[in-house]
Protein chains: 2
Amino acid sequence: MEPDTRSRILDAAESLLVQHGLDATTLRMITAAAQANLAAANYHFGSKEALIEAVFRRRLTWLNEQRIAALDALEVEAKGAPLKPRQIVESFFGVAIRMAADKNGGQTFMRLLGRAYTEPTEFVRSFLAEEYAAVIARYKAAFFKALPDVPQEEFLWRFHFMMGALSYAVSGADALSILGPIDDSNPDALYARLMSFLIGGLRAPLPEVNSKPVRKARTKRAA
Amino acid sequence: MEPDTRSRILDAAESLLVQHGLDATTLRMITAAAQANLAAANYHFGSKEALIEAVFRRRLTWLNEQRIAALDALEVEAKGAPLKPRQIVESFFGVAIRMAADKNGGQTFMRLLGRAYTEPTEFVRSFLAEEYAAVIARYKAAFFKALPDVPQEEFLWRFHFMMGALSYAVSGADALSILGPIDDSNPDALYARLMSFLIGGLRAPLPEVNSKPVRKARTKRAA
DNA sequence: AACATTGTCAAACAGCTGTTTGAAGTCTGC
DNA sequence: GCAGACTTCAAACAGCTGTTTGACAATGTT
C-alpha cells in the first residue's frame with residue numbers, strides 16, 4: 001500500500017498528467033499527491049521532462065513488448081504464411097484496449113498516450129518515436145505481407161487513421177459527452193466495437209487517388 | 001497586409017497554440033508575434049482563456065454552419081427520403097478536410113481543433129460542446145434515419161471513432177513521422193483516403209456485443 | 001565503532017506567468 | 001480646435017514555475 005517514493009511519484013504523476021495535461025501539471029502537485037517532498041522529484045528523476053519520460057516508458061515499453069510477443073506467436077503458428085489482417089489488428093490494438101480496461105493505472109495511461117501521439121512538445125514525440133520504432137517496423141512488415149494488393153502508402157494512412165480511432169476510443173467519457181450520453185464502462189463491448197470499425201476501415205475499397213486535381217480526371221496515359 | 005491589432009493577435013495566437021499547446025503558449029509570445037503590446041491581449045479579449053475561446057469560435061462557428069448548410073442541401077434534394085450514409089459522411093468530414101487543406105490558417109486551425117476535442121482543460125470542452133450541440137443533433141438524426149438497422153449506441157461509438165480518425169488525419173506530418181516518411185501534401189488524396197476508411201468503418205458488420213463475458217457465450221433466453 | 005552511501009526535508013533561487021494600472025497617444029464627430 | 005471615446009504602451013504586481021542548496025536522518029559496510 002505504500003511503495004517507495006519513486007513509485008509513488010510515478011503513479012501520482014501519471015494520474016495528474018492525464019487530468020491536467022503536461023504543462024499544467026506541476027511538480028508541486030505531483031509531489032504533494034505522492035506525499036513526497038518537492039525536491040524528491042528532481043532527486044529521483046533529474047528534471048520534470050525526465051520524470052514525464054519515465055512515466056511513459058514504464059508502461060509503453062511493456063506494451064510494445066506485448067505487441068511484439070503477440071505477433072511472434074501468430075507468425076510461429078502461421079509457419080511463414082501471411083497472417084489474416086484481422087489477426088494483426090487484434091494483436092496490435094487488442095493489447096492497447098486490454099490495457100485501457102485495466103483500472104489499476106492502465107486506463108489512465110492509455111488516455112495519456114493517446115494524446116501524446118499528437119503532442120506538440122518535441123521531446124515527447126522524440127522518445128515516443130524511439131519506443132515505437134521496433135514495433136512499428138514489425139507490424140508494417142506483417143501488414144504488407146498480409147495485404148499485398150494494398151499500396152504501402154495507402155496502408156500507412158489507414159494505420160494512422162486506426163491509431164486516431166484508438167486514441168478516441170480510450171479517451172474517456174469526457175470527450176464522448178459531446179456526442180451525448182454514452183456508456184463507456186464495458187471494455188469487452190468497446191473492444192468488439194473498435195475491432196469491427198477498424199477492420200471495416202482497413203478492408204475498405206481502395207480510393208481513387210489521382211495525382212492531379214479531382215474535377216476532370218484526365219486519363220493521361222504514360223508515354 | 002496589416003489588419004487591426006485584434007485580428008493580428010488572433011492569427012498569431014492560432015499559429016502559436018497549435019505549435020506549442022494551450023498552456024505552453026504565453027501571452028508574451030502571442031503579442032510579440034502579432035507585433036502588439038502585451039496589454040493589448042487583455043484589452044481586446046479580457047483574459048487568456050477568452051482569447052483562446054475566440055480563436056476557436058472564429059472558425060468553428062463558420063465550420064459548423066457550413067456543415068448544417070450542406071446537410072440542408074442534401075435533405076432538400078432527397079425530399080424526405082433517407083440520405084445515403086456516404087453523403088452524410090462526406091458532408092460532415094468533407095468540410096473539415098477542405099478546411100484543413102486551406103493553407104491560409106485553416107490547416108493550422110484544424111490541427112488545433114483535433115487536439116482540443118480530447119483536451120483535459122475543462123473550459124475548452126465546455127464551449128466546444130456548446131458549439132457542436134446543434135450540428136451534432138442534426139447529423140445524429142440524419143444518420144439514424146439513414147442507418148435504421150444500426151443501434152444508436154453503436155453508431156455513436158462509430159461516429160466517435162470517425163472523429164478520432166479525422167483528428168489524426170489532419171494532425172500533420174509530425175505525428176505521421178512515427179510511421180515512417182509519408183507525403184501529406186495532397187489534400188485531394190487525403191480526402192479520398194479518409195472517406196474510404198470512414199465509410200468502410202461505418203458500414204462494417206455489427207460486432208457481437210454481449211452483456212456478459214466473452215469466453216463462453218451463454219445462450220440464456222429471456223424467461 | 002566509525003564510515004560512507006542514500007534518501008529526505010525546508011528554504012531559497014531566478015525567471016516567467018497572467019493581469020492591472022495610469023499615462024500617452026490616436027482617432028472620431030462636432 | 002476641442003471634447004470624448006477608443007487604443008496603445010511601459011511598468012509594475014503578486015503568484016507560481018522548475019531547480020538547487022546544504023543541513024539532517026536513515027541505512028548499510030567495513
Side-chain angles (χ1 to χ4, degrees), chain A residues 1-58 112 115-116 119-127, chain B residues 1-58 112 115-116 119-127:
Chain A
M1 213 51 174
E2 254 202 45
D4 60 345
T5 307
R6 204 189 129 93
S7 301
R8 290 205 318 273
I9 291 179
L10 278 175
D11 289 337
E14 186 174 75
S15 162
L16 288 168
L17 286 172
V18 67
Q19 280 177 60
H20 305 101
L22 267 51
D23 280 274
T25 305
T26 72
L27 288 179
R28 283 170 177 81
M29 291 165 61
I30 294 172
T31 50
Q35 301 195 54
N37 188 274
L38 168 62
N42 283 286
Y43 175 79
H44 286 284
F45 299 95
S47 70
K48 184 185 176 182
E49 283 201 359
L51 166 58
I52 293 177
E53 188 172 330
V55 168
F56 277 92
R57 283 220 145 93
R58 176 172 63 154
L112 185 59
R115 254 181 291 148
E119 179 77 20
T121 319
E122 197 191 282
F123 89 95
V124 176
R125 271 206 321 279
S126 168
F127 71 76
Chain B
M1 213 51 173
E2 256 201 41
D4 59 345
T5 307
R6 203 188 130 93
S7 301
R8 291 206 316 274
I9 292 179
L10 279 175
D11 289 337
E14 188 175 74
S15 162
L16 288 168
L17 285 172
V18 69
Q19 281 178 59
H20 306 102
L22 268 50
D23 280 274
T25 305
T26 72
L27 288 179
R28 282 170 177 83
M29 291 164 62
I30 294 171
T31 51
Q35 301 196 50
N37 187 274
L38 167 62
N42 284 284
Y43 174 79
H44 284 285
F45 300 95
S47 69
K48 184 184 176 183
E49 283 200 0
L51 166 58
I52 292 176
E53 188 173 329
V55 168
F56 277 92
R57 282 219 145 93
R58 175 172 64 153
L112 185 58
R115 254 181 294 157
E119 178 78 21
T121 320
E122 196 192 284
F123 89 94
V124 176
R125 273 206 320 278
S126 168
F127 72 75

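Only this structure's heavy atoms are used, side chains among them; waters, hydrogens and symmetry mates stay out. Labels below follow one simple rule: chain letters A, B, ... track the order of the sequence lines, proteins then strands, and each chain is numbered from 1. Since the structure is predicted, the reported quantities are computational estimates derived from the model, not experimental observations.
- Counting to the nearest Å, the P atom of dC16(D) and the CD1 atom of Ile30(A) are 17 Å from each other.
- Among the nucleotides dT17(C), dC9(C), dT20(D), the one closest to any side-chain atom of Thr26(B) is dT17(C).
- Counting non-hydrogen atoms under 4.0 angstrom, Ala40(A) reaches nothing in the nucleic acid.
- Rounded to whole angstrom, the span from the CD atom of Gln35(A) across to the P atom of dT8(C) amounts to 13 Å.
- Side chain of Asn37(A), nearest nucleotide from dT8(D), dT20(C), dA10(C): dA10(C).
- Between Phe45(B) and Glu53(B) there is no side-chain heavy-atom pair separated by less than 4.5 Å.
- In this entry the distance linking NZ of Lys48(A) with P of dC16(C) reads 16 Å, nearest Å.
- The distance from atom CZ of Arg8(A) to atom P of dG7(C) is 13 Å, rounded to the nearest whole Å.
- Comparing Glu49(B) and Leu38(A) by the nucleotide of DNA chain C whose heavy atom lies nearest to each, the residue mapping closer to the 5' end is Leu38(A).
- The distance from atom CD of Glu53(B) to atom P of dG18(C) is 17 Å, rounded to the nearest whole Å.
- Rounded to an integer number of Å, the gap from CZ of Arg6(A) to C1' of dG7(C) is 14 Å.
- Between Phe123(B) and Ile52(B), the closest side-chain pair of non-hydrogen atoms falls below 4.5 Å.
- Residue Asp23(B) contributes atom CG, which lies 15 Å from atom C1' of dG18(D) at whole-angstrom precision.
- Put simply, His44(A) has a side-chain N or O that comes within less than 4.0 Å of OP1 or OP2 on dT8(C).
- With dT7(D), dT19(C), dT19(D) as the choices, the nucleotide that has an atom nearest any side-chain atom of Asn42(A) turns out to be dT19(D).
- Candidate nucleotides dG18(C), dG18(D), dT8(D) were compared by shortest atom distance to the side chain of Leu27(B), and dG18(C) ranks first.
- Screening Leu22(A), Leu10(A), Val18(A) for a side chain to side chain contact (heavy atoms under 4.5 Å, CB included) involving Val55(A) leaves a single residue, Leu10(A).
- Here dG18(D) presents its P atom at 11 Å from CG of Leu22(A), a figure rounded to the nearest Å.
- Phosphate proximity of dT8(C) to Thr5(A): present, with a side-chain N or O under 4.0 Å from OP1 or OP2.
- With distances taken from any side-chain atom of Ala39(B) to the nucleotides dT7(D), dG18(D), dC9(D), the minimum falls on dC9(D).
- For Thr121(A) and Glu119(A), the side-chain atoms include at least one donor-acceptor pair closer than 3.5 Å.
- When heavy atoms are screened at a 4.0 angstrom cut-off, Thr31(A) is found touching no nucleic acid atom at all.
- Between Arg58(A) and Asp11(A), some side-chain heavy-atom pair lies under the 4.5 Å cut-off.
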